[in-house]
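The chain is numbered in sequence order, starting from 1. None of the values given here were measured: they were computed from a predicted structure.
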Amino acid sequence: MITWGDVRRWNPADLASAVDALGTRAARLTGANDDADAMTKFGSWRGDAADAATAKGTALATELRQLTTDVSAVRRGVHDAQLAVERISSAVREVDDFASRNGMRIDDGGGVSGEPERQAEVTDRVGQILRDATNVDADLTVVLDRATNGESGGSGVVALATATSSQPKPNGTPAENRAWWDSLSDSAQSSILRDNPDLIRNLDGIPVVDRDAANRVVLQQEIDKRKGDDAQLRGLTAIRDRLAATGDGKPPAFLISLDVSGDGTAVVAAGNPDTAANVATYVPGTGSELAKIGGDLGRSDKMWQSATMAGSPSTSVITWVGYDAPNELVDAASEKYADGGKESLSKFEDGLRATHEGQPSHNTVLGHSYGTTVIGHAARDGGLNADDLIFVGSPGVGVEHANQLHLDGVPQDQVAQHVHSTVAKHDLIKITNIGLPGHDPLGPSPAGGGFGGQVFESAPGDKGPWYEGGLSGAAHSQYWEDNNPSLRSFGRIIAGLPA
């Protein structure tokens, strides 16, 4: 059994040295094989002695080719193990450092002590790393055993080492993608992460730690190719800075998805959703795009803190800038952006279920402004794989009543109990659903009395001028301010508690 003390002592440099040594040995065997082949070509020499020499040379050449195959297969397996150990060693250092900064200690057996509120989160991460380490050790053991037993030729280890040619099912479901990924050896997974990260980095159903590893490489490449006046550079840099930040109420972050085409999209998790007990997906609204993701990342961190203070044992809050949002308010009256994003959101939520480890997590999807419309259309037209919905400052969610929404696993007659809404007294969004003909194209406010969901309180927000009825754009963005009761309610709902 591999322990935390074992992985602390793992040194990828030792494996790198073995890879170099095996490469040298393979080259020598190739040269010897050429010499053995020469023993089978004797020109005009004929007779019993020539036949015996030819037979001996042929047998020796065959044996050398097998040895060359074995050594090459072992070299590939050790190289894949080296890459995996590098990832594991980095994760071990990160967890040890995080525990130390937060007043905790991890013993050599993997036991966590100190700071009770954070123990569960650290214990989960230690367990995942040890499972990964056990898989790496088992895969390398298979490589060495097969080579020792002479099973590397043709199939066996060679097949294992070339398993990266496998492809996920085209347009597969997240569950199918997860099954495909789990069917690969750790060596094959490592090869994909190294040689073909685009294959899996944005694929729902692939574990978050693997998508994160693949996307970080691409993130740095995109940053390196941009200059200071590039609008997307602000967002890419904000993501990089958040990935590097831990402590001070900021759990480790994971880059789950990144696409720089058009306005750009990105999905970033504060905390690992594959191991958290409570998982929330935050969908921002009009104007959201890659270049502006920094502010949304800050909101997610605040919701993570609020859920933790509410008693959540382990939490992940995901910033989902995963759709083409309206650029301006004038565009936000159209349903086309919600219809364009609903399928992606629904598939992402299915992916969270497919990759989660252990007992199912309590999943919440929270939208702000037009983000609520995206959520509403997804829950209306196909259903969302979530336990609770939160609509914040909504212009309408595409239905007249909460019971027209659908949540996987929630009985239809109970859905309204799992739909939560709030709107600030002075929020300018109210002008979009004042109930006049032609003024509520997205449906009535879910915070209205006749909608049927659960309505909770928010601070009134900054008051606007009299000629706008006291409404203001500032109030539309103040739900995450410190001491706003809405922020406390976000945390409680994410933690599975009443608002």
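Residues satisfying the side-chain hydrogen bond (donor to acceptor under 3.5 Å, both in side chains) test with Gln232, not counting sequence neighbours, are Arg226. For the salt bridge (Lys or Arg N to Asp or Glu O under 4.0 Å) test, residues two or more places apart in sequence or in another chain that qualify with Arg353 are Asp387. When the side-chain hydrogen bond (donor to acceptor under 3.5 Å, both in side chains) test is applied to Gln412, the partners found at least two apart in sequence or on another chain are His406. The ring pair (Phe, Tyr, Trp, His ring centres under 6.0 Å) test applied to His420 returns no partner, not counting sequence neighbours. Taking Asp224 as the reference, Gln220 meet the side-chain hydrogen bond (donor to acceptor under 3.5 Å, both in side chains) condition, with sequence neighbours excluded. Taking the side-chain hydrogen bond (donor to acceptor under 3.5 Å, both in side chains) definition, one finds that Trp181 meets it with Asp210, sequence neighbours left out. When the salt bridge (Lys or Arg N to Asp or Glu O under 4.0 Å) test is applied to Lys169, the partners found at least two apart in sequence or on another chain are Glu176.
With 3.5 Å as the limit, one finds a donor-acceptor pair spanning the side chains of Ser257 and Asn202.
The ring pair (Phe, Tyr, Trp, His ring centres under 6.0 Å) contacts involving residues 257-315 comprise Tyr282-Trp480, where partners must be two or more places apart or lie in separate chains. Screening residues 189-224 for ring pair (Phe, Tyr, Trp, His ring centres under 6.0 Å) gives no qualifying pairs among residues at least two apart or on separate chains. Within the structure, salt bridge (charged side-chain N to carboxylate O under 4.0 Å, His left out) contacts touching residues 299-318 (residues at least two apart or in different chains) are Arg242-Asp301, Lys302-Asp482. Residues in residues 217-262 take part in no ring pair (Phe, Tyr, Trp, His ring centres under 6.0 Å) pair, two or more places apart or across chains. Listed by first and then second residue, the ring pair (Phe, Tyr, Trp, His ring centres under 6.0 Å) pairs involving residues 208-246 amount to none (not counting sequence neighbours).
With respect to Arg178 and Asp350, no salt bridge is recorded, no charged nitrogen being found less than 4.0 Å from a carboxylate O. Using a cutoff of 4.0 Å between basic side-chain nitrogens and carboxylate oxygens, Arg194 and Asp80 are scored as salt-bridged.
Using cut-offs of 30° and 60° for the angle between ring planes, the Tyr479 and His476 rings count as perpendicular.
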